[in-house]
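Here's the structure we're looking at; comments come further down.
When a residue number appears, it is its place in the shown sequence, counting from 1.
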Amino acid sequence: MESEALEPETLVELLKQRRAGKFVSASTMDDRLAAMLARKRQAHAVQD
């Protein structure tokens, strides 16, 4: 995304839209990130 090129009004509108969306808990996000990392490690044969 070209955030450096966004005008302030556009950025404010983007933030309003993001705030109006669905949020997940920190623990849910941690679980999602852990699962994503596990998939990436497996896909690229990376050892823990």
Side-chain angles (χ1 to χ4, degrees):
M1 188 165 142
E2 299 177 30
S3 59
E4 298 85 6
L6 291 176
E7 295 294 324
E9 297 84 15
T10 304
L11 184 55
V12 168
E13 183 58 33
L14 176 63
L15 292 172
K16 284 181 185 177
Q17 290 175 11
R18 296 291 294 173
R19 286 186 186 131
K22 183 179 177 183
F23 284 84
V24 297
S25 69
S27 63
T28 298
M29 183 56 72
D30 288 344
D31 293 343
R32 289 181 181 182
L33 289 172
M36 179 194 68
L37 289 172
R39 288 190 307 272
K40 296 289 185 178
R41 285 184 180 119
Q42 184 177 22
H44 298 285
V46 174
Q47 299 291 323
D48 285 338

Where at least one partner belongs to residues 14-33, residue pairs that pass salt bridge (charged side-chain N to carboxylate O under 4.0 Å, His left out), sequence neighbours excluded:
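Of all non-adjacent pairs touching residues 14-33, none passes salt bridge (charged side-chain N to carboxylate O under 4.0 Å, His left out).
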In the hydrophobic cluster built from side-chain contacts under 4.5 Å, what are the other members alongside M29?
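Joined to M29, directly or through intermediates: V24, L33, M36, L37.
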Please check if the number of heavy atoms outside Q42 that lie under 6.0 Å from its CD is greater than 12.
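No, the 6.0 Å shell around CD holds no more than 12 heavy atoms from other groups.
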Using side-chain contact (heavy atoms from CB on, under 4.5 Å) as the criterion, list what pairs up with S27, not counting sequence neighbours.
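Expected list: S25.
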